[in-house]
Colleague: 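Once you've had a glance at the structure underneath, I'll fire off some questions.
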Amino acid sequence: MLPNSSGTGARSPRPGHASLTRRRLLAAAPAAMLATAAAACGTSGSSGRTAKSPKGKVTLTYGLWDLTQLPAMKQIIAEFEKAHRNITIRTAVTPWDSYWTKLKTAATGGSAPDVFWMTIDSFKLYASGGVLLPLDDSIKRDGVDIGQYVPAVTNGYQWKGQQFGIPKDTNSFGLFYNKELFAKASVAPPSPNWTWDDLVAAAVKLTDKGTGVHGIAAPLVDVQGYYLTIPQAGGFVISPDGRSSGYDKPGTIKGLEFWTDLINKHHASPTLQQLTDTDALSMFTSGKVAMYYGGSWDPVAIAAVPYTKKNADVAPLPKGPKDATFYANGLANVVYAKTKYPEESWEFVKFLGSKAAARIQAGTGTVIPAYRGEESAYAEAIPQFNLRAFVDQLPNARTFPSSVQTSVWSDNALKVFAASWSGQEPVARTAGDVAAQMNSALAAEPS
């Protein structure tokens, strides 16, 4: 992002989370612009140490965007402040739609928060621009085991061999389904062994034109849409070296066709226009679609609707032709390279990445902590749903596709693929166009 998916729009985006209208940056700052600003502020790869106030008291500003998570973050902050009497944390909550614009302006002006939330698809832009403080020396000095976090998230915050973020949480995904609609259509509930073929067969049977119910929603989204099925079909979005697109590869095309076929071939999903008029989650919670590919941030919203609180549940993602992997975004806490208090900021970030903080986050049922071994509280937070399905799939997570200017090619993909979702162009053609634009954009980025 500079956005999720996830994920954190109609609902607050969760880690990595979400559709174009919810998760794309409104104003992405070029890396050169950020680098120039960092240099003007006297910032390099590491920040100089600045003295504390005469009384030794320090106030750190913590930038975040999600009001849903604020109570848990306040609880974590209270625990931190008990153990660090000389440090006060002031939260700066900015709505998602303006978070990145405000952060860009603050970073280029030398006044960004001391510590703030970062996403994988925005990270490389800020790291390459010299806005973030490398954490390797502090990690080594304090013996922080970076291996205790979900690898897909940890790896997403590395740039040129350095670690810039301590993982906060991670996305996972599942197949939400409506038990009442399944029973009415005499369709057995999804099982852990379901394949794409099983899902398609069920979606067709669940579709009832007379009642206006569709078997599944196939929206044009990346995070909880084709970023799940592309790796399952053996494709990829971006090459491991980050220099070339995989959109024109056979496996990738197959992963995209999974969604377009649900609309245009099997007629088991609402049309692109219908899903533009009413988002997929709203269709699911109103009983108009029987299945919904959702993120680990969705259960709270689904449980808030009495109908789906009673009738919904979640199953693992159906398996694709190759494997069950998926791309997962996740947030990290990062330190501003120009902070006046780098040591105190590091102490706060270290605590935010601790087992104690992970346990507090997990208990909300809103996010899965990236700290491994602390997922159980999340799985038990909303007992009527099988949230264990999200947790058990974490070993299948791959690092979210990103580059220095992720939004340049990811936004274009969503625009171009509309012709395939609407049935106007074959996927192979639009995927080729997306790959060509993406390759040009990657070639223009710093290596």
Colleague: Among residues at least two apart in sequence or on other chains, which ones pass side-chain hydrogen bond (donor to acceptor under 3.5 Å, both in side chains) with Lys102?
Modeller: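 With sequence neighbours excluded, Lys102 shows a side-chain hydrogen bond (donor to acceptor under 3.5 Å, both in side chains) to no residue whatsoever.
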Colleague: Answer yes or no: is there a donor N or O on one side and an acceptor on the other, between the side chain of Gln361 and the main chain of Val367, under 3.5 Å?
Modeller: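 Flag not set: sc Gln361 to bb Val367 has no pair under 3.5 Å.
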Colleague: One pair to check against side chain to side chain contact (heavy atoms under 4.5 Å, CB included): Glu375 and Leu394. What are the steps and the verdict?
Modeller: CA-CA 10 Å; Glu375 307 92 347; Leu394 288 177; 4.1 Å; yes
Colleague: Judged by modelled atom types alone, do Gln437 and Lys415 share a side-chain donor-acceptor pair under 3.5 Å?
Modeller: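 On atom types as modelled, these side chains do not qualify, holding no pair under 3.5 Å.
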Colleague: Mark yes or no for whether Thr406, through its side chain, and Ser403, through its backbone, hold a donor-acceptor pair below 3.5 Å.
Modeller: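 Judged by distance alone, yes, a pair lies under 3.5 Å.
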Colleague: Nearest 0.5 Å, what's the OH-OG1 distance between Tyr99 and Thr94?
Modeller: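 Going from the OH atom of Tyr99 to the OG1 atom of Thr94 covers 7.5 Å.
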Colleague: Check whether any side-chain heavy atom of Val115 sits under 4.5 Å from a side-chain heavy atom of Val334, and report yes or no.
Modeller: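 Side-chain contact under 4.5 Å: no.
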Colleague: Under 3.5 Å, is there a donor on one side chain and an acceptor on the other for Asp433 and Thr430?
Modeller: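 Per modelled atom types, Asp433 and Thr430 side chains form no pair under 3.5 Å.
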Colleague: When you measure from the side chain of Lys319 to the backbone N and O of Pro192, does any donor-acceptor pair fall under 3.5 Å?
Modeller: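 Checked: pair present.
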Colleague: Can you name the residues that form a ring-ring contact (aromatic ring centres under 6.0 Å, His included) with Trp159, not counting sequence neighbours?
Modeller: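 Trp159: no ring-ring contact (aromatic ring centres under 6.0 Å, His included) contacts found.
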Colleague: Sequence neighbours left out, what passes ring-ring contact (aromatic ring centres under 6.0 Å, His included) with Phe351? Give chain and number order.
Modeller: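 Counting only residues at least two positions away or on another chain, Phe351 forms a ring-ring contact (aromatic ring centres under 6.0 Å, His included) with Phe80.
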Colleague: For Tyr157, enumerate each residue passing the ring-ring contact (aromatic ring centres under 6.0 Å, His included) test, keeping only those at least two apart in sequence or located in another chain.
Modeller: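 Here the qualifying residues are Phe123.
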Colleague: Using 0.5 Å steps for rounding, measure from the CD atom of Gln158 to the CG atom of Leu135.
Modeller: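 CG of Leu135 is found 11.5 Å from CD of Gln158.
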Colleague: Under a 4.5 Å cut-off applied to non-hydrogen side-chain atoms, are Gln69 and Thr364 in contact?
Modeller: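 Gln69 does not reach Thr364 side chain to side chain.
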Colleague: Under 3.5 Å, side chain of Arg398 to main-chain N/O of Ala152, donor-acceptor pair present?
Modeller: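 Between the backbone of Ala152 and the side chain of Arg398 there is no qualifying donor-acceptor contact (under 3.5 Å).
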Colleague: Please identify each residue that fulfils side-chain hydrogen bond (donor to acceptor under 3.5 Å, both in side chains) with Ser244, with sequence neighbours left out.
Modeller: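 With neighbours one apart ignored, the set is Ser239.
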Colleague: Which residue is it: Phe258, Trp259, Phe417? I am looking for the one with a ring-ring contact (aromatic ring centres under 6.0 Å, His included) to Tyr226.
Modeller: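 That would be Phe417.
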Colleague: State, with a plain yes or no, whether a side-chain heavy atom of Leu275 is found less than 4.5 Å away from one of Leu220.
Modeller: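 No, too far: nothing below the 4.5 Å cut-off.
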Colleague: For the residue pair Phe116 and Tyr126, categorise the inter-ring angle as parallel (less than 30°), tilted (30 to 60°) or perpendicular (more than 60°).
Modeller: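 Phe116 and Tyr126: perpendicular rings.
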Colleague: Asp169 vs Thr366, test: side chain to side chain contact (heavy atoms under 4.5 Å, CB included). Steps then yes/no.
Modeller: CA-CA 10 Å; Asp169 52 50; Thr366 303; over 6 Å; no
Colleague: Using modelled atom types and a 3.5 Å cut-off, is there a donor and acceptor pairing between side-chain atoms of Thr276 and backbone atoms of Leu272?
Modeller: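 Flag set: sc Thr276 to bb Leu272 pair under 3.5 Å.
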Colleague: Show every ring pair (Phe, Tyr, Trp, His ring centres under 6.0 Å) that has at least one partner inside residues 367-391, sequence neighbours left out.
Modeller: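 Output for this query lists Tyr149-Tyr371, Phe176-Phe390.
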Colleague: Tell me, do Thr252 and Val237 make a side-chain contact under 4.5 Å, heavy atoms counted?
Modeller: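 No - every pair of side-chain heavy atoms lies 4.5 Å or more apart.
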Colleague: Using the side-chain hydrogen bond (donor to acceptor under 3.5 Å, both in side chains) criterion, which residues pair with Ser376? Sequence neighbours excluded.
Modeller: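 In terms of side-chain hydrogen bond (donor to acceptor under 3.5 Å, both in side chains), with neighbours along the sequence ignored, Ser376 is linked to no residue.
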Colleague: Suppose we screen for ring-ring contact (aromatic ring centres under 6.0 Å, His included). Which residues come up paired with Trp409, at least two apart in sequence or across chains?
Modeller: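 ring-ring contact (aromatic ring centres under 6.0 Å, His included) check on Trp409 returns nothing, list empty.
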Colleague: Who pairs with Lys74 by side-chain hydrogen bond (donor to acceptor under 3.5 Å, both in side chains), at least two apart in sequence or on another chain?
Modeller: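 Lys74 satisfies side-chain hydrogen bond (donor to acceptor under 3.5 Å, both in side chains) with Thr91 once adjacent residues are dropped.
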Colleague: I'd like to know if the side chain of Thr229 and the backbone of Gly255 have a donor-acceptor N/O pair within less than 3.5 Å.
Modeller: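 Looks like yes, one N/O pair under 3.5 Å.
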Colleague: With Tyr227 as reference, evaluate Phe236, Tyr247, Phe400, Phe326 under the ring-ring contact (aromatic ring centres under 6.0 Å, His included) test and give the passing residue.
Modeller: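 Among the candidates, only Phe400 passes.
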Colleague: Any side chain to side chain donor-acceptor pair (under 3.5 Å) involving residues 300-313? Give me the pairs, sequence neighbours left out, ordered by first then second residue.
Modeller: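 Sorted result for residues 300-313: Asn178-Tyr307, Glu180-Tyr307.
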Colleague: Is it the case that the side chain of Asp198 and the backbone of Thr195 share a donor-acceptor pair, with hydrogens and angles ignored and the cut-off at 3.5 Å?
Modeller: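 Answer holds: yes.
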Colleague: How about Ser191 and Asn193: does a side-chain donor come under 3.5 Å of a side-chain acceptor?
Modeller: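 Absent: no donor and acceptor within the cut-off.
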Colleague: Whether the side chain of Glu374 engages the backbone of Ala358 through a donor-acceptor N/O pair (distance < 3.5 Å, no angle test) should be reported.
Modeller: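 Flag not set: sc Glu374 to bb Ala358 has no pair under 3.5 Å.
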Colleague: Would you find more than 12 non-hydrogen atoms of other residues, nucleotides or ligands less than 6.0 Å from Lys254 atom NZ?
Modeller: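 No, because the 6.0 Å sphere around NZ of Lys254 holds 12 heavy atoms or fewer from other groups.
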Colleague: Could you check Leu256 against Ile230 for side chain to side chain contact (heavy atoms under 4.5 Å, CB included), going step by step and ending with a plain yes or no?
Modeller: CA-CA 7 Å; Leu256 293 163; Ile230 284 173; 4.2 Å; yes
Colleague: Please test Tyr62 against Asn333 for side-chain hydrogen bond (donor to acceptor under 3.5 Å, both in side chains), starting from the C-alpha separation and ending with a verdict.
Modeller: CA-CA 9 Å; Tyr62 183 32; Asn333 289 292; 2.7 Å; yes
Colleague: Return each pair, listed once, that meets salt bridge (charged side-chain N to carboxylate O under 4.0 Å, His left out) where at least one residue sits in residues 376-392; pairs must be two or more places apart or across chains.
Modeller: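 The answer is Arg388-Asp392.
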Colleague: Side chain to side chain contact (heavy atoms under 4.5 Å, CB included) for Lys184 and Asp208? Distances and angles first, verdict last.
Modeller: CA-CA 11 Å; Lys184 286 182 177 179; Asp208 185 339; over 6 Å; no
Colleague: Can you classify the ring geometry of Tyr292 versus Phe284 as parallel (below 30°), tilted (30 to 60°) or perpendicular (above 60°)?
Modeller: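 Taking Phe284 first and then Tyr292, their aromatic rings lie parallel (interplane angle under 30°).
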Colleague: Is a side-chain donor-acceptor pair under 3.5 Å present for Lys355 with Gln148?
Modeller: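 There is no such pair (donor and acceptor under 3.5 Å, judged by atom type) between the side chains of Gln148 and Lys355.
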Colleague: Taking atom NZ as the centre, does Lys265 end up with more than 12 heavy-atom neighbours from other residues, nucleotides or ligands that are less than 6.0 angstrom away?
Modeller: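 Check fails, neighbour count at 12 or below.
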Colleague: Ignoring hydrogens, what is the shortest heavy-atom contact between Thr325 and Gln232? Give both atom names and the distance.
Modeller: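 For Thr325 and Gln232, the tightest heavy-atom pair comes out as O-CG, 3.2 Å.
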Colleague: With side chain to side chain contact (heavy atoms under 4.5 Å, CB included) as the test, pick out the partner of Pro151 among Thr154, Asn155, Val153.
Modeller: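 That would be Asn155.
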Colleague: If the condition is salt bridge (Lys or Arg N to Asp or Glu O under 4.0 Å), which residues does Arg429 pass it with, not counting sequence neighbours?
Modeller: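 Counting only residues at least two positions away or on another chain, Arg429 forms a salt bridge (Lys or Arg N to Asp or Glu O under 4.0 Å) with Glu425.
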Colleague: With no hydrogens and no angle check, is any side-chain donor or acceptor of Thr207 less than 3.5 Å from a backbone partner on His214?
Modeller: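 No; judged by distance alone, with no hydrogens or angles, the pair does not exist.
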Colleague: Okay, side chain of Ser269, backbone of Ile263: is any donor-acceptor separation there less than 3.5 Å?
Modeller: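 No, because the side chain of Ser269 does not come within donor-acceptor range (under 3.5 Å) of the backbone of Ile263.
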